[in-house]
Amino acid sequence: MTHRHDGGAPGAFDEAHRALRDLVLAATVRIHRADVGYAPDEPGTFLGSGFFIAPNWVLTCAHVVHGGERGDVAVIHQSGADQAASVVAGEVVATLPDRTGQPPSGSWPAPDLALVRLREPVGHECVYVSERPTAYVSEGKLLYAGWTVVGGRLQVLDGPIEVQGTLGGWSAGAQMRLGHNDLPYGVSGGPVVDPQRGEVIGVLKSRTDHGQGGTCTGIERLRTLPVPRGAATAEHDDVYQAVFHAHDRYHRHRQLPSGSRGATWADAQKRIGARPGRTLSPDERTELLGRLAELPPPAGTRALLDVLESLPDLELPQHLPAPRGWRDGLGLLYENARDDGVLKLVLDYTMRVMYADRPPTPSTLAAERALWDWVRQAAAGLDSGYRAGLARRREEWSGLRAHTRATGHGPAGPVTGHGVIGHGVIGHGVIGHGVIGHGVTGHGVTGHDSSGGAHPRPDAPPPAVPVPAEAHGRDRPATPEGRDHARVTPGLTVLLEVLRRGWEPDRCDWSVSVARPDGDVVRLHEAERTPWDRLAAEAAEPLAEAFRRCDAPDRPAPLQAALPHLLLGLPVDTWQLHPDEPPLGVQRPVVVRCSDRDQLPDDGEYDPDEADGQHERQDRWRRLHTHDARAEVLDCDDGVRQPVPPVSDLRALAHRTVPVLCRYGEHRYEDDAAALVRIVHAGFGVALWRRRSGRSDTVCGEFHRGARQAVDDGVGAELLPEVVHSMRVKLRAGRTEAYWADGIALYYDDPHRPLPGAGDLLEAP
């Protein structure tokens, strides 16, 4: 039975909106404790609402399913008012945020989402989920649905509710504020619908304690679900991709000819007059998304962003979180294209999705052919020149595929050896002069050709099939006498900048950004007055979002931690974004930079002109990276502690010197805290140390030997970030040969790539 609550869905709704409402209610479920037994209509086991987002998948709030037993709940659904209710067991697969092992205290923090997978297949309706973020919905009326207890009975209800702004700004926990209607107990977890577009955009999270309304979480927050480690070869490796691929295939299949007389979501959207992106009809969108869902998902968010950034005349917005699936990329195009070029942009995007690097299995090839058929039909009304360009790109891509199958790799050449999308190099590299990345961890550049050119023409040729690294000898160790600089590929880097607040020494200002090799920096998040002991926890979500934007399968982007000169020893490499994950230094290369070089203390020894000091830093960096590097232990001589030399003596060391500190953190001398500051002041861009706080009896010999081997016997200073990362991985795995590296840290500060803002990050007013 449907209960009209406080005005409910107005009786003046036309037939189209009534059909939409029926579809919403048919997919809305109630969630009970697993021990519901033979009394499914009893309110005593009722936990809250949810809705089918894909076949056998229910989306709800995390605080709703938290009342379940060991992750088990019961899902009760019915297809219509005259249909009997069905009970099926469900398993909570994921919650956001994940609070596994934490006691239930207070309200569940945003985004407060949970995915429940049914333990057996059942037939049911599914909602249609928008591919656009809720950020695009800033005003107007929405619809909601959910279950509640009315007169001692469980009843489904629905009604209108108005958008009243956002809560949380652009942060990962942003919510939509809703008002002008009561939200009774039990509706949390129910769907929020945009009636103008006929699509679900969010999940009811909470109701206000006083007055009307509550909050809603955008479904796009599911993009922040943990990304599987390593290369995801199929959609089932990733919960997010599995759910939304199943969602899009479901709606495409529902639109195919069948014996069902029931209205579909595309039918209701057509009656409403929705026109996705001002160019596709609901039928066309449903067909396209269903075809895209037949392909393997993107290799990662970075791979998807490479595709989007290669599109002509498209400026990507910086909405959080970043797109993650093919459908997300399509949704991003709707609001960011010229009115006269939306269809061509959609077709260009679809062609690039077809070009994405993936194993050419029979099912994948069939899905690509079906997608090409859609492109050909959609382009029928466009000019002949554009249609010919599409056919030419298809032919060239097919030829490259055939060549790859015959030879095992693509043809060599200035472009085809680099893995390209529309002449934009795929993958990522690293720090400074492409210092971390190349043969072993090389990642690449996005949206530019191999010579640094601009985005390609719309009719640019398809991407070349990447040539395996071994075909170019990129994994061969280079000797210092003949360094293979061509193999070094600069790329995306995650940058954490932290500054002390001199007037509040117990707090800091900080930001997280994505840095491109061309010097462009995109800031994703910034905060002020964060207590030092809260920095790791507060930075976890922004860092996770930045890594998702930059990481490629098995190629994690590096992290540059720009820290105040007095806190260069902050152990950022030991931070964990999630309790179950390895530390950051094990997941990826992590290096330290100096965030406040302009505030280095004047010790009276040496105070060069700023321009001269910068020139000397650049000269030392250049020589270090073109000659043999040599480690120099500065604070320990055969196990005997000694002070770090003054700045003037440090400046006199050979340019190929990499300073090494064995006893950092012991503080046995008055100037120990300034040891690293002296090295920075002396113009060194690379230094190595280990944190020894509380371990003064540790034997030094193995550390000295290991540090010298890492620096002297390596393949150059440019590989030190990767060498240190490798040591941390081995140490985590319990490899005894890496024990010397316990507590190791690397200072790696390229003077050719200054930090954005030149030290004025988040200045106080």
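Keep in mind that what you see is a predicted model, and the values were worked out from it rather than measured. All heavy atoms count here, side chains included; hydrogens, waters and symmetry mates do not.
- Side-chain atoms of S513 do not come within 3.5 Å of backbone N or O of V521 as any donor-acceptor pair.
- Without hydrogens or angle criteria, R352 side chain to L308 main chain gives no donor-acceptor distance under 3.5 Å.
- P296 places none of its side-chain heavy atoms less than 4.5 Å from the side chain of H245.
- Using a 4.0 Å cut-off between charged nitrogen and carboxylate oxygen, R132 and E220 do not count as a salt-bridge pair.
- The aromatic rings of Y355 and W397 are tilted relative to each other, their planes meeting at an angle between 30° and 60°.
- Annotation: salt bridge (charged side-chain N to carboxylate O under 4.0 Å, His left out) contacts involving residues 359-371, sequence neighbours excluded, comprise R358-E368, E368-R401.
- Residues W57 and H247 are not in side-chain contact: their nearest non-hydrogen atoms beyond the backbone lie 4.5 Å or more apart.
- Every residue two or more places apart in sequence or in another chain that forms a salt bridge (Lys or Arg N to Asp or Glu O under 4.0 Å) with R249 is listed here: E235.
- Put simply, the side chain of E284 gets close to the backbone of S281: a donor and an acceptor are under 3.5 Å apart.
- Side-chain N or O atoms of S726 include none that pairs as donor or acceptor with a backbone N or O of E722 at under 3.5 Å.
- Closest heavy-atom contact between P323 and T301: O-CG2, 3.3 Å.
- Within the 4.5 Å cutoff, the side chain of F547 has heavy atoms near those of the L577 side chain.
- Between the Y748 side chain and the L720 main chain, no donor and acceptor come within less than 3.5 Å of each other.
- When all heavy atoms of A322 and E545 are compared, the closest pair comes out as N-OE2, 2.6 Å.
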Check: Does the side chain to side chain contact (heavy atoms under 4.5 Å, CB included) test come out yes or no for T493 and V514, once each step is laid out?
Finding: CA-CA 6 Å; T493 304; V514 171; over 6 Å; no
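- Between the CZ atom of R221 and the CD1 atom of I219 there is a distance of 12.0 Å, given to the nearest 0.5 Å.
- Residues G325 and L304 come closest through the heavy atom pair O-CD2, 3.3 Å.
- The distance from the CG atom of L345 to the CG atom of L332 is 9.5 Å, given to the nearest 0.5 Å.
- Checked by atom type and distance alone, the side chain of Y240 never pairs as donor or acceptor with a backbone atom of L222 at under 3.5 Å.
- Between L305 atom CG and S310 atom OG the span is 11.0 Å, to the nearest 0.5 Å.
- Put simply, the side chain of Q587 never gets that close to the backbone of P556: no donor and acceptor are under 3.5 Å apart.
- For the pair D551 (side chain) and R548 (backbone), a donor-acceptor distance under 3.5 Å is absent.
- Considering all non-hydrogen atoms of both residues, P55 and A246 come closest at CD-O, 3.8 Å.
- R324 has a carboxylate O that lies under 4.0 Å from a charged side-chain N of D238, or vice versa, which qualifies the two as a salt bridge.
- A donor-acceptor distance shorter than 3.5 angstrom exists from the side chain of Q269 to the backbone of G198, with no hydrogens or angles considered.
- The side-chain heavy atoms of L23 and V127, taken from C-beta on, include no pair separated by under 4.5 Å.
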Show me, pair by pair, the donor-acceptor contacts under 3.5 angstrom made by side chains of residues 371-380, not counting sequence neighbours?
from	atom 1	to	atom 2	distance (Å)
D373	OD1	R376	NH2	2.8

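- Between the side chains of T286 and Q255, not a single donor N or O lies within less than 3.5 Å of an accepting N or O.
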Next item on the list: Could you walk me through whether Y128 and R254 pass the side-chain hydrogen bond (donor to acceptor under 3.5 Å, both in side chains) test, one step at a time?
Entry: CA-CA 11 Å; Y128 181 88; R254 287 281 282 116; over 6 Å; no
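- With respect to the salt-bridge test (charged N to carboxylate O, under 4.0 angstrom), the residues R393 and D348 qualify.
- Note that the OG1 atom of T264 and the NE2 atom of H253 stand 13.5 Å from one another [nearest 0.5 Å].
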Next item on the list: Start with the C-alpha gap between I53 and V200, add the side-chain angles, then the distance that decides, and say whether side chain to side chain contact (heavy atoms under 4.5 Å, CB included) holds.
Entry: CA-CA 9 Å; I53 188 175; V200 173; over 6 Å; no
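- A salt bridge links D383 to K344: one of the charged nitrogens lies within less than 4.0 Å of a carboxylate oxygen.
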Next item on the list: Please step through side chain to side chain contact (heavy atoms under 4.5 Å, CB included) for the pair W326 and Y349, ending with a clear verdict.
Entry: CA-CA 10 Å; W326 298 130; Y349 171 72; 3.8 Å; yes
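- In this structure, the separation between CG on L496 and CD on Q560 is 10.5 Å, given to the nearest 0.5 Å.
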Notebook entry, point to check: So F51 and V58, side chain to side chain contact (heavy atoms under 4.5 Å, CB included) or not? Walk me through it.
Noted result: CA-CA 5 Å; F51 54 95; V58 170; 6.0 Å; no
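- By the 4.5 Å heavy-atom criterion applied to side chains, R588 and P558 are not counted as neighbours.
- Residues K270 and D283 are in side-chain contact: their nearest non-hydrogen atoms beyond the backbone lie under 4.5 Å apart.
- Within the 4.5 Å cutoff, the side chain of M354 has heavy atoms near those of the R394 side chain.
- Contact between E131 and R327 at its shortest, heavy atoms only, is CB-O, 3.4 Å.
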Checklist line | Step-by-step salt bridge (charged side-chain N to carboxylate O under 4.0 Å, His left out) determination, R302 to E309 | finding: CA-CA 10 Å; R302 184 64 256 156; E309 290 172 354; 2.9 Å; yes
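- Between the side chain of H124 and the backbone N or O of A27, no donor-acceptor pair lies under 3.5 Å.
- Taken to the nearest 0.5 Å, the CE atom of M351 stands 12.0 Å off from the CG atom of L311.
- In this structure the side chain of L330 reaches within 4.5 angstrom of the side chain of L288, judged on heavy atoms.
- Between V346 and L333 the shortest heavy-atom distance is CA-CD1, 4.0 Å.
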